Each structure stands twice: as structure tokens, then as C-alpha cells.
Chemist: 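Okay, here's the structure, questions in a sec.
A quick note: this is a predicted structure, and the numbers were derived from the prediction, not measured.
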Amino acid sequence: MSFIVVSFIPILILGTVTIIHFRDFALSSSAKEIYNELNLAKLKIMEMTNEAVSIANKLMIDQRLKELLLYKYTSPLEAYLRYSQYKDIENYKTLYAKAIYRIRIYSENPTILENGVFCKTKKEIEQEEWYKLAVQLNGFIIWDLIYQKEDIYPDYYFSLIRLLRDVYNEKFGVLVINLNKLEMKDLLNHTSYETFLVNSDGVVLFSNREDLIGKTFNIDLQRILSEKGYTYEFNNKKYRVFGVYLPLTGYNKDFYLISIVPLEVIMKEPKRMQDFAITIIFIAFISSMVFAGIFSRSMGRRIAILNKAVNEISHGNWDLNIPLQGKDEIGELSENVKMMARNIKNLNELIIKQKDMKFKTLMEQLNPHFLFNTLETIHMIAVCNDQKEIADVALRLGKILRRSLEAKGKPVSIEWELDLIRNYLEIQKYRFKDLDYKIEIFTDIREVYILPFLIQPIVENSVVHGIEPKKGRGIIEIKIYRKEDYLVISVEDNGVGMENLELEKILNEDQENYSKIGLKNTLERIKLFYGNEYGLKIETQKNVGTKVDIILPYATLRKERVDV
């Protein structure tokens, strides 16, 4: 892996940088060539449109044209004779034949003679958006795509449109100048790719592809002006779009000349370079792998054997024999691992013995055999002398001692433990008349087994250190519930509580000097039997009370009982 890192990765980085650089270079070169073509076409289109604007300006101030369009003719012959004396429009068409295809003027004069140049404004013409806009703008030039359906061969034309009026705001017609389609198409055909003229709404006004005229493209007109254009998807195919701004004289000035280039055409050469670079990288990778495999084969086999042995040891197989020989680093490591396994085995056996001894020592504190017979005697004497309270106390205390003799270090049911607690608290109620208790169970505790005498020491602490020094009524609440994967046994009292420093002192006191079976004893038993992640959670506040949560593993408690 190290060999691959120092050999293959640099080659991969170098190849990637080369591909990216060559791709950017190819894109920049293509973009430069396309922008040159677009700018040349832009200049020629501007020449054509400027000639149309020039004609429109001249017709706007042509007094003879105004008189022809406003005159009320009495007959077609009169109109023909007056028309024959006016040659200016025919002269413009001849003079600007390359730029201009047709000039039409729509007039509302019902007496004019239609001759292909002068046309009556019909109702369908008045409904056209371009006509309405021309009237609304009152003399401003507009550019739009017009469908001339009144022609013998109806077609779309990119046209100049203008309302004709004099200086006194008298209207005498709407001018339409159709640009020469053949000239514009020939002009755009000199570009290398599909090129079209669009307005600010993305509508194609003219193109070297007839089927695109009139269609709308959702093109980002700002991004096309960037140095390298941008990628655009059309008809499930990716293109690179380039464009230049085309300023035209008139009201609607925002037009763009756009070329779309198939991305695969631009990326053809970079792709060839990319394939070559990938081939080199692949060869380098295979060579690195073969060399690294040969170089590490012998070492890798031995490391795999050692790794398997270490894995077995981690699962408790400390007597494993590792079949590795040699005086190199791996051989020495093998011997050290075997020695480590033997040491772990010896240490683990020692820890188990220490745990067993310590646990038995703790349990011995809970087995006062010699008192049981004495309490039985006291109970019989009290019964004979009709001392019911003494008899009840002796009986309950006897049950407690009997339970301690029965436990023998084995897990017991929670009901077993709760019965012990009830006997203990009933005895304490004879001492403290204001003592009361409540036991609530919020989960299924059937066949749930815990270590014996886990709850009793906590309850005893609540009575002796919490309730006994308190004045007034004392309450002990025991709640058992499940929280996620834990069983929580909560013992809460309203006793005198304690300071945090006092609690720390109790938990840190040596067991030899701590004669009471209290918090520390219970905490150590839980950790010894269930693990360090379980134990006690203690909340206490001076003159308010103390709450102790015993936290145990719920799943483990439901398993079959085992000897401690």
C-alpha cells in the first residue's frame, strides 16, 4: 500500500491535472473561434438592421407618402395614377435588396388600392400583438418575428415594425420591413455550428435551422456571455452555449446571437487525451500492484498468521501455539505475543480468584447464622406471654435471617428481595411511628433475578441516615421500571439528605473501616457481578431527601440463575 501511495497516486494526480488542463484549453480554443464567428455575424446583422432603420426614418418624414396614404380616392384608377408617380419605396427595395425582402404599410384608409406595398388594415391584423404594440409605442421602432400569412407562401420574417406619424402626431400607417431571410441564412451558415438570434424571452427570431424559428429556449442569457459559455441540455443531448449581445435600435433592444455546440464535439480531443491518460494510469497501477505483491508476499503471509493468532488470543484462546519461526522482527514479535498470552492467562486467573474471595467476604457479612435460633426463641417467649408486637418483630427478623441463609450467593427473584424489604420496613415502623413506605412496579418482573440483598442496604440507609434524624413523617418510595436496556430500581426518601462532600466520603471510605452494609458495599457487588458500566446513581440534597437508582442490565437479569 505504501508503494502504491508513493507511485500510483502521483501518476493519478498528474494525469488528472493534465486532463483538466487540456479540457480547459480545448474549451477556450473552441470558445474563441466561436466568439469570432458570432461577432462577425453580429456586425453583418447590425448592418442589415441599420439599413432597415434608415428606411424607416426616411419614410417617417416622407410627406408624399403621408398624402398617398391619407388621400380619399374616388376610384382604383385614381389610386393607380397617384401610386405610379411615387417610386421611393421601390427604389429603397432595389438599393437595399441584400438587406430588405419586403416593405409593407398597413393603412386604415378604406379607399386605398392594395398593391403589395400598401395594405388595408384588416381586423385580424389589428389583433396581432406586434400591431398593437406598434400603435401603443406611437412611433418607436420595435423588432419582432412576424408570420406573413397573407403571402402566397406564408412564412416567418424577422421584421422592423413602426407606427408612421408626422410631427403633429397624425398617424398615417403601420410600417413593416421584412429582412431578407436568404441573406440572413447565408450569413449564419458561415458559422461552424447551429446559430440563432433570440430575444430576451428566449424566443428564436431567426436561425440557420428553419425548425427552430419561433421556438422558445430556456437559456440563461447572462451565462452565455461568459468567456467559456455554459453547458445546456436540449433534446436529451448536452451542448455548450456561447452568445454575444446584439444591440438593435428600437424599443426592445435586448437581443442575442447564440451558437450551440454539441459537447461531444468540443470534448472529442480532450476525451482522446483522457483515454490515453487513463490507459497510462491503469498500466502504472497494475505494475505497482504486481511489484508490491511480489515484494510483500512472504512478509504478508507471516503477518496474516500472526494476526490470526492475535485474534484467537483476543477471544480467550491463551494456549494457542503460533507456528512462526525466524529471528527477524516478525519472529521476535511472535515470541512476544506468546509470552503476552501466557501472562494474560495467569493474570486473569489471579483476578478471578481475587473476585471470588472478595465476593465471598462481602457475602459473609450478610449471613449471621448464630442469631436465627436466638430470634426463634424470643418469638416463642413473646407468643407465650401475649407480647404480639415483640412476637411480630422477632418473626419478621427471623424471616430476614432465614433469607440470608437461603441466598447462598445465588441470584434471587425481585419478589424474594421485595418480601425481605417489606419485613424490614414493618420492623422499622415499630421504631418510627411516622414511617410509611410505598412499592410500585412498572414492568414485568417475573423470572427477573438479581443478586440478593441489593435493595435492602439502600433501604436501610434511607431509614437510618435519612428518616431517623428527621422530625415529622418519613416516606420511602420504591419504584421498579425498565428504561431502554436497563432495569432501574429507585429508592427515594424525604429524609435529611446529605452534602455532596459527605456522599463522596462514604463512597471513598475503605471497606475494612466501614462496618455498615451500605452504598459502597452494594456498588462494589454490582460492578463485580454485572460489570463497571452498571452501578448506582445517587441524587441527594440537604434537608430535602435522597434518591438512589440501582441500574442493572435487563437482558442479563432474565437469564437463568447462575452461581455467583
Side-chain angles (χ1 to χ4, degrees), residues 48-184 249-251:
M48 294 177 65
T49 56
N50 287 338
E51 289 175 356
V53 170
S54 176
I55 294 172
N57 289 336
K58 290 175 182 179
L59 294 178
M60 185 80 162
I61 59 175
D62 191 332
Q63 189 65 27
R64 292 178 60 206
L65 175 63
K66 173 187 172 184
E67 291 173 358
L68 279 175
L69 292 170
L70 295 180
Y71 185 80
K72 303 299 181 182
Y73 299 99
T74 57
S75 67
L77 179 61
E78 181 184 11
Y80 174 77
L81 292 174
R82 291 180 69 90
Y83 286 1
S84 62
Q85 298 174 9
Y86 183 79
K87 302 293 183 181
D88 289 10
I89 291 180
E90 293 299 324
N91 292 337
Y92 292 146
K93 289 174 64 177
T94 303
L95 183 62
Y96 300 107
K98 289 187 67 175
I100 305 302
Y101 172 68
R102 181 187 291 112
I103 299 176
R104 274 200 178 100
I105 300 175
Y106 296 91
S107 173
E108 296 179 359
N109 186 353
T111 65
I112 66 169
L113 177 65
E114 294 189 319
N115 63 350
V117 175
F118 301 143
C119 303
K120 293 179 182 179
T121 304
K122 298 180 177 62
K123 188 173 183 180
E124 58 267 23
I125 296 296
E126 291 179 344
Q127 298 302 317
E128 295 287 347
E129 293 298 326
W130 58 265
Y131 187 91
K132 293 179 182 178
L133 184 60
V135 173
Q136 180 183 346
L137 293 178
N138 198 29
F140 280 97
I141 292 173
I142 58 174
W143 297 92
D144 205 350
L145 184 66
I146 294 180
Y147 185 66
Q148 300 282 194
K149 55 187 174 183
E150 62 266 33
D151 292 352
I152 297 176
Y153 301 104
D155 206 349
Y156 285 101
Y157 292 92
F158 183 52
S159 306
L160 178 150
I161 307 159
R162 187 179 201 179
L163 176 71
L164 297 176
R165 63 177 179 82
D166 60 13
V167 293
Y168 302 107
N169 206 27
E170 185 176 8
K171 304 170 185 177
F172 55 93
V174 175
L175 172 66
V176 175
I177 301 177
N178 302 137
L179 296 187
N180 192 332
K181 285 187 68 172
L182 295 177
E183 181 66 21
M184 289 188 69
T249 302
Y251 171 75

Chemist: Please check this pair: side chain of Tyr73 against backbone of Leu68, looking for a donor-acceptor N/O pair closer than 3.5 Å.
Modeler: yes
Chemist: Is Tyr96 atom OH crowded by more than 12 heavy atoms from other residues, nucleotides or ligands, each under 6.0 Å away?
Modeler: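 Yes, because the 6.0 Å sphere around OH of Tyr96 holds more than 12 heavy atoms from other groups.
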Chemist: Atom CD1 of Ile161 and atom CG of Leu133: how far apart are they, to the nearest 0.5 Å?
Modeler: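 One gets 8.0 Å once the value is rounded to the nearest 0.5 Å.
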Chemist: Out of curiosity, Arg104 CZ to Asn115 CG, how far, rounded to the nearest 0.5 Å?
Modeler: 10.5 Å
Chemist: Can Asp62 and Tyr86 be counted as having a side-chain donor-acceptor contact under 3.5 angstrom?
Modeler: yes
Chemist: Does any non-hydrogen side-chain atom of Met48 lie less than 4.5 Å from one of Met184?
Modeler: yes
Chemist: Going by ring-ring contact (aromatic ring centres under 6.0 Å, His included), Tyr147 matches just one of Phe158, Tyr156, Trp130. Which one?
Modeler: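 Single ring-ring contact (aromatic ring centres under 6.0 Å, His included) partner of Tyr147 among Phe158, Tyr156, Trp130: Tyr156.
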Chemist: Are the ring centres of Tyr106 and Phe118 closer than 6.0 Å?
Modeler: no
Chemist: Show the nearest heavy-atom pair for residues Ala52 and Ile177, with the distance to one decimal.
Modeler: O-CD1, 3.5 Å
Chemist: What distance do Asp166 atom CG and Met60 atom CE have between them, rounded to the nearest 0.5 Å?
Modeler: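 CE of Met60 is found 8.5 Å from CG of Asp166.
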Chemist: Between Lys120 and Pro110, is there a donor-acceptor pair closer than 3.5 Å when you use the side chain of the first and the backbone of the second?
Modeler: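 Yes, Lys120 side chain to Pro110 backbone: donor-acceptor pair under 3.5 Å.
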Chemist: Could you tell me whether the side chain of Leu70 reaches within less than 4.5 Å of the side chain of Glu170, counting heavy atoms only?
Modeler: yes
Chemist: List the steps, then state whether side-chain contact (heavy atoms from CB on, under 4.5 Å) holds for Leu163 with Phe172.
Modeler: CA-CA 8 Å; Leu163 176 71; Phe172 55 93; over 6 Å; no
Chemist: For Lys171 and Leu164, what are the C-alpha separation, side-chain angles and deciding distance, and is it a side-chain contact (heavy atoms from CB on, under 4.5 Å)?
Modeler: CA-CA 6 Å; Lys171 304 170 185 177; Leu164 297 176; over 6 Å; no
Chemist: Could you check whether Asn109 and Ser107, counting side-chain N and O atoms only, form a donor-acceptor pair closer than 3.5 Å?
Modeler: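 The criterion, which ignores hydrogens and geometry beyond distance, is not satisfied for Asn109 and Ser107.
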Chemist: Does a side chain donor of either Asn178 or Gln148 reach within less than 3.5 Å of an acceptor in the other side chain?
Modeler: yes
Chemist: Hey, could you give me the CD1/CG distance between Ile141 and Leu175, rounded to the nearest 0.5 Å?
Modeler: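 Rounded to the nearest 0.5 Å, the CD1-CG separation comes to 8.5 Å.
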Chemist: If the threshold is 4.0 Å, N to carboxylate O, is there a salt bridge linking Lys122 and Glu128?
Modeler: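 Glu128 and Lys122: not salt-bridged.
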Chemist: Do Val174 and Thr121 come within less than 4.5 Å of each other through their side chains, counting heavy atoms only?
Modeler: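 In short, these two side chains do not touch, never coming nearer than 4.5 Å.
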Chemist: Using a 6.0 Å cut-off, check whether atom CZ of Phe140 has over 12 heavy atoms from anything other than its own residue.
Modeler: no
Chemist: Give a yes or no on whether the backbone of Leu182 and the side-chain of Asn180 come within a donor-acceptor separation of less than 3.5 Å.
Modeler: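 Present.
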Chemist: Could you tell me if the side chain of Leu160 sits less than 4.5 Å from the side chain of Thr49, heavy atoms only?
Modeler: no
Chemist: Is any side-chain heavy atom of Tyr101 closer than 4.5 Å to one of Asp155?
Modeler: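 No. Closest side-chain heavy atoms not under 4.5 Å.
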Chemist: Step by step, would you call Val117 with Arg102 a side-chain contact (heavy atoms from CB on, under 4.5 Å)?
Modeler: CA-CA 8 Å; Val117 175; Arg102 181 187 291 112; over 6 Å; no
Chemist: Is atom CD of Glu108 surrounded by more than 12 heavy atoms (other residues, nucleotides or ligands) closer than 6.0 Å?
Modeler: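 No - once you tally the heavy atoms of other residues, nucleotides and ligands closer than 6.0 Å, there are 12 at most.
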Chemist: Ile55 and Ile100: side-chain contact (heavy atoms from CB on, under 4.5 Å), yes or no, with the steps?
Modeler: CA-CA 10 Å; Ile55 294 172; Ile100 305 302; 3.7 Å; yes
Chemist: How many angstroms lie between atom CG of Leu69 and atom OG1 of Thr111, to the nearest 0.5 angstrom?
Modeler: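 Interatomic distance, Leu69 CG to Thr111 OG1, rounded to 0.5 Å: 10.0 Å.
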Chemist: Side-chain contact, heavy-atom cut-off 4.5 Å: Lys58 with Asp88?
Modeler: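 No, every pair of side-chain atoms sits at 4.5 Å or beyond.
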Chemist: Find the distance between OH (Tyr131) and CG (Asp144) and round it off to the nearest 0.5 Å.
Modeler: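 Going from the OH atom of Tyr131 to the CG atom of Asp144 covers 15.5 Å.
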Chemist: Side chains of Ile103 and Tyr92: closer than 4.5 Å at any heavy-atom pair?
Modeler: yes
Chemist: Check for me whether Lys181 meets the cation-pi criterion with Tyr157, that is, NZ or CZ under 6.0 Å from the six-membered ring centre and within 45 degrees of the ring axis.
Modeler: yes
Chemist: Side chains of Arg162 and Asn57: is there a donor and an acceptor less than 3.5 Å apart?
Modeler: yes
Chemist: With a 4.0 Å cut-off on N to O distance, would you call Lys98 and Glu51 a salt bridge?
Modeler: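 Salt bridge absent between Lys98 and Glu51.
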Chemist: Got a donor-acceptor contact below 3.5 angstrom from the Ser54 side chain to the Asn50 backbone?
Modeler: no
Chemist: Could you tell me whether Arg82 sits above the aromatic face of Tyr71, with NZ or CZ closer than 6.0 angstrom to the six-membered ring centre and within 45 degrees of the axis?
Modeler: yes
